[in-house]
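In what follows, a single structure is set out as structure tokens and then discussed.
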There are 2 protein chains.
Amino acid sequence: MASSRRMGPQDSASSNALLDAAERVLRNEGYGAATSRRIAEEAGLKQQLVYYYFKSMDELLLAAFRRRTQRGLERLERNLAADRPVHAFWADYVGVDANLTFEYMALANRHEGIRKEIASFVNKARRLQAERIGRAYKEKNVGEDPASPAAIAFLMLGTSLLLRREAEMGITAAHKDVKALIDWFLAKFD
Amino acid sequence: MASSRRMGPQDSASSNALLDAAERVLRNEGYGAATSRRIAEEAGLKQQLVYYYFKSMDELLLAAFRRRTQRGLERLERNLAADRPVHAFWADYVGVDANLTFEYMALANRHEGIRKEIASFVNKARRLQAERIGRAYKEKNVGEDPASPAAIAFLMLGTSLLLRREAEMGITAAHKDVKALIDWFLAKFD
DNA sequence: GTCTATACACCGATAGAC
DNA sequence: GTCTATCGGTGTATAGAC
């Protein structure tokens with residue numbers, strides 16, 4: 001039952017404009033607004049062009065997410081080689097858009113491709129971070145009790161996500177305390 | 001521009017069936033599927049009855065969320081008076097459906113009522129928890145360094161949310177380590 | 001590579017009968 | 001309290017001309 005529809009190249013100006021537009025719409029309006037009409041409009045293109053460059057809406061959203069994880073992995077590789085990797089991991093997390101991450105995590109509920117891509121990305125990133133944090137522990141003579149390097153990798157993600165998301169919703173209770181705790185922890189690696 | 005539409009009571013069998021159905025649909029299929037037709041079908045009712053019991057879909061979703069935060073607040077009140085409140089807070093968080101929480105947090109991006117309800121609930125819960133944890137600190141002679149009671153309240157939420165959500169997506173990296181850290185922390189209050 | 005035209009399903013919401 | 005009927009709008013996706 002293959003369709004006879006023609007398909008355009010995957011790395012053209014228009015297809016990249018659609019990926020950029022998809023990210024903006026997801027971030028600012030939520031995945032409920034991530035429709036072919038709205039995304040094409042945001043990209044300044046006609047709705048039907050979405051189906052020239054992508055097989056379906058699910059494919060477009062998956063492509064947008066894959067591009068994002070690819071970029072995240074490239075930043076991670078750089079941070080693994082940084083002078084102060086633990087500081088670098090944290091700075092990177094704080095710079096990531098938590099709204100967009102939450103949209104993708106909710107979207108994953110009904111999008112198997114995105115769910116698998118998230119699982120693969122998180123598992124890989126956590127393993128790499130935990131290894132690097134373990135080395136930093138030894139270099140700085142930090143004890144693994146009570147928090148192992150893997151636990152720290154997990155806590156950095158969970159804490160940065162909730163901090164950013166809450167801040168965007170106008171919740172600030174305890175945020176000062178949490179940031180002080182992070183600073184205290186990072187200081188072990190100065 | 002008030003509509004002449006008749007409205008039904010807010011606590012009838014059918015309206016509660018709609019709230020229950022809305023939660024199931026949100027949890028299992030995401031907010032993209034939370035339509036009047038789908039929710040009515042899930043409740044075994046006709047689509048038009050949604051508009052007899054609720055002014056709009058936004059009102060229905062807000063009512064479902066308010067019922068949920070109300071129940072959460074009631075559990076919190078009980079846990080504040082429990083023998084081991086810190087253990088009780090954690091046990092409650094672990095029992096909460098993280099899928100549903102993520103759906104509401106994503107929904108909050110485009111639903112002002114839900115966003116405000118989340119902010120109000122989280123701020124209130126965090127304040128109450130932080131006060132109670134502070135008292136528990138004193139009772140058990142636990143020092144506030146490096147983590148203040150408020151920071152602990154924040155971390156318990158962030159950690160439980162991510163643990164549950166990741167587990168539902170098939171991510172388990174570092175989870176054993178994190179649970180060990182939680183156990184270590186809770187043991188201070190035995 | 002982009003356009004017009006269009007199919008068909010589903011959406012929120014309303015009016016009025018029973 | 002629930003029903004039938006219905007409106008205008010929007011969704012994904014396709015076909016074929018330019």
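All chains are named by letter (A, B, ...) in the order of the sequence lines, taking the proteins before the strands, and each is independently numbered beginning at 1. Being a predicted model, the structure only gives us computed values, none of them experimental.
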Checklist entry - When the distance from CG of B:Leu49 to C1' of D:dG1 is rounded to whole Å, what number comes out? => result 7 Å
Checklist entry - Would you say A:Glu117 and A:Arg66 make side-chain contact, with heavy atoms under 4.5 Å? => result yes
Checklist entry - Base, sugar-phosphate, or nothing: which does A:Ser14 touch, judged by heavy atoms less than 4.0 Å apart? => result sugar-phosphate
Checklist entry - Quick one: B:Lys46 NZ to C:dG12 P, roughly how many Å, whole number? => result 17 Å
Item to check | Side-chain heavy atoms of B:Phe89 within contact of B:Ile133, under 4.5 Å | outcome: yes
Next on the checklist: Using ring centroids (six-membered ring only for Trp), state whether B:Phe154 and A:His175 fall under 6.0 Å.
Outcome noted: yes
Checklist entry - Side chains of B:Tyr53 and B:Leu60: closer than 4.5 Å at any heavy-atom pair? => result no
Item to check | Of the listed nucleotides D:dC3, C:dC3, D:dA17, the one nearest the side chain of A:Arg6 | outcome: D:dA17
Item to check | Polar side chain donor-acceptor pair, A:Asn109 to B:Glu29, under 3.5 angstrom | outcome: no
Next on the checklist: Suppose we call a contact any N or O donor and acceptor under 3.5 Å apart; does that hold for the side chain of A:Gln47 and the base of D:dA13?
Outcome noted: yes
Checklist entry - Can you check the A:Tyr52 OH to C:dT2 C1' distance for me, whole Å? => result 9 Å
Checklist entry - What does B:Ser12 touch in the nucleic acid at a heavy-atom separation under 4.0 angstrom: a base, only the sugar-phosphate, or nothing? => result nothing
Item to check | From C:dG1, C:dT6, D:dG1, nucleotide with atom closest to B:Tyr53 side chain | outcome: D:dG1
Checklist entry - Heavy-atom contacts under 4.0 Å between residues 15-44 of chain B and DNA chain D, which residues? => result none
Item to check | A:Arg68 and A:Thr101 side chains, donor-acceptor separation under 3.5 Å | outcome: yes
Item to check | B:Met57 CE - C:dG12 P separation (whole Å) | outcome: 5 Å
Checklist outcome for this item: 5'-most contact on DNA chain D (nearest-nucleotide basis), A:Asp58 vs B:Leu45, goes to B:Leu45
Checklist entry - Are a donor atom and an acceptor atom from the side chains of A:Arg84 and A:Asn79 found within less than 3.5 Å of each other? => result no
Checklist entry - What integer distance in Å separates A:Arg110:CZ from D:dG11:P? => result 13 Å
Checklist outcome for this item: When rounded to whole Å, the CD to C1' distance for the pair B:Gln48 and C:dC18 reads 14 Å
